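Notes follow the structure.
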2 protein chains.
Amino acid sequence: MNRLENNHQVPLPALERLASYMRCLMQLEQEGVRTVSSLEMEALTGISAAQFRKDLSHFGEFGKRGIGYDVGKLQDQIAELLRIQKEQPVLLVGAGNLGRALIAFPGWRAYGFRIVAVFDKDPRKIGTQICRIRVRPFEELATTNRQLGARIGIITVPPGEAQPVADCLVAAGVVGIINFAPVKLRLPRSVTVREVCFISELAVLSYLIHTREGPLPPADVSGDGHGVEACEGTTAG
Amino acid sequence: MNRLENNHQVPLPALERLASYMRCLMQLEQEGVRTVSSLEMEALTGISAAQFRKDLSHFGEFGKRGIGYDVGKLQDQIAELLRIQKEQPVLLVGAGNLGRALIAFPGWRAYGFRIVAVFDKDPRKIGTQICRIRVRPFEELATTNRQLGARIGIITVPPGEAQPVADCLVAAGVVGIINFAPVKLRLPRSVTVREVCFISELAVLSYLIHTREGPLPPADVSGDGHGVEACEGTTAG
DNA sequence: TCCTGTGAAGCTTTTCACAGCA
DNA sequence: TGCTGTGAAAAGCTTCACAGGA
């Protein structure tokens, strides 16, 4: 079937899980595993076999009945679904600790992304190199991207500067933004934004651990219950 | 009413939104705003007024009919709901770029968290200071936490080490973990884990920007449509 | 037999619309 | 009048259960 052009909206949670499957498949491939069933995936990812099959079914048919899925092939196919099969240039603004951490992340390649330019407005950072990428002055963003043509931007600047930075990115042709600054960006509807806010994660975690069952016992260091799935939130990866 | 002890499960998405409301309220308070209505919150957060009211209604009644909500008071109340009203100690393992970025984050206090100890196994990092916190040898984790009694841990180590690190944290009494390493942790059910995986965010973003409406136009640098809400995912903050 | 793909059922979350209070 | 709180309706997502191909 392979209706890569899906008309019916694919649920956002399904998309997030696809990325998890990718990661899992990469690992399996490294381990030399050739074939995997939805039930094995369930054991590895904690996402139910039915869910796995349903998620894929939004896009087409990828498995072989009685057998399962070809690890390498499925990886390629999911990459194609997520449109990460060919390299995409990415701009990063903000060469602070977080920016540097992201640049140093070794997994970009495997997911088809490449940070092609880094910008900052701090003169002490401009001109320095981070993982072989030179930090450019923020003012050059628009000019630089006229050559690079990146459509994705990452914002790792302090909250106060995030909005103007976002505006610049959009003016430079960026249509998708990952925002690590803890502020809500106001941008044209044509721009897709995803906010990443780890302090919210902590707040939710705080709620969850304190409401599991009344006040917590002194110290649950039993270590039993091993090999069981951990409780998991929306941001499963 | 104020049934702070909610029996009926609160939807996870609602909890995530509560954290967003917090952030928004903090900002409003700084700006000197005293009262806010659900409709004004909608304009600020992009989350619908009905959703805002419903989210709060899981916990009780917080507003005044005809008026709205008291900014300062609601902030305190949400903090109480999320159990972040009093300071909670947090352990961090992995003093790499990402770990340092997190330690340097200025918002911890406002959300009631405090990083009380940082661990790493790299001898070159041990003993160094990051934002006035000394990096301790990883082996000391259990002993150290016997005094500190932290119940929350953050993992910012390379993927290969995440599982053993998580096991150590749990053995040291941690019951809630934020995992930044791109691997699925297998832990006892009694432990709550939240995975943060920004590369997945990018993958989802890639899908979203490429499926908005066929192939992208050359460069949508119009800049109109201003002041409109940007598309938003689950991880709204 | 084994495992996929999928309609239908079941459950969760969001939105609607309005009663009720200031 | 203005805005909250909330049942009820609608939408969205997940699970079930089984038909059907390898």
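Letters A, B, ... are given to chains in the order of the sequence lines, protein chains preceding strands, and every chain is numbered from 1. Quick caveat: nothing in here was measured; it's all calculated off a predicted structure.
- Using a 4.5 Å heavy-atom threshold, the side chains of A:Asp167 and A:Leu185 count as separate.
- Look at B:Tyr69 and you'll find a side-chain N or O under 4.0 angstrom from OP1 or OP2 of D:dG5.
- Annotation: side chain of A:Met22 is not in contact with side chain of A:Leu18 (no heavy-atom distance under 4.5 Å).
- Rounded to whole Å, the distance from CZ on B:Phe62 to C1' on D:dC3 is 17 Å.
- Listed by chain and residue number, nothing satisfies the side-chain hydrogen bond (donor to acceptor under 3.5 Å, both in side chains) test with A:Glu29 (two or more places apart in sequence, or in another chain).
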| task | Quick one, give me the B/S/- string for nucleotides 12-22 of chain C, reading 5' to 3', where B means a protein heavy atom under 4.0 Å from the base and S means that only happens at the primed atoms, P, OP1 or OP2. | result | -SSB-B--BBS
Quiz: residues 62-69 of chain B side-chain donor-acceptor pairs under 3.5 angstrom, not counting sequence neighbours:
none

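- Residues passing the salt bridge (Lys or Arg N to Asp or Glu O under 4.0 Å) test with A:Arg114, sequence neighbours excluded: A:Glu87.
- For the segment residues 29-37 of chain B, the set of residues with a heavy atom within less than 4.0 Å of an atom of DNA chain C is empty.
- Over its full length, the helix from C:dT1-D:dA22 to C:dA22-D:dT1 turns its helical axis through 10°, comparing axes from the five pairs at each end and rounding to 10°.
- Rounded to whole Å, the distance from CG on B:Leu56 to C1' on D:dG5 is 10 Å.
- For the pair A:Glu16 CD and D:dG12 C1', the computed distance is 14 Å after rounding to whole Å.
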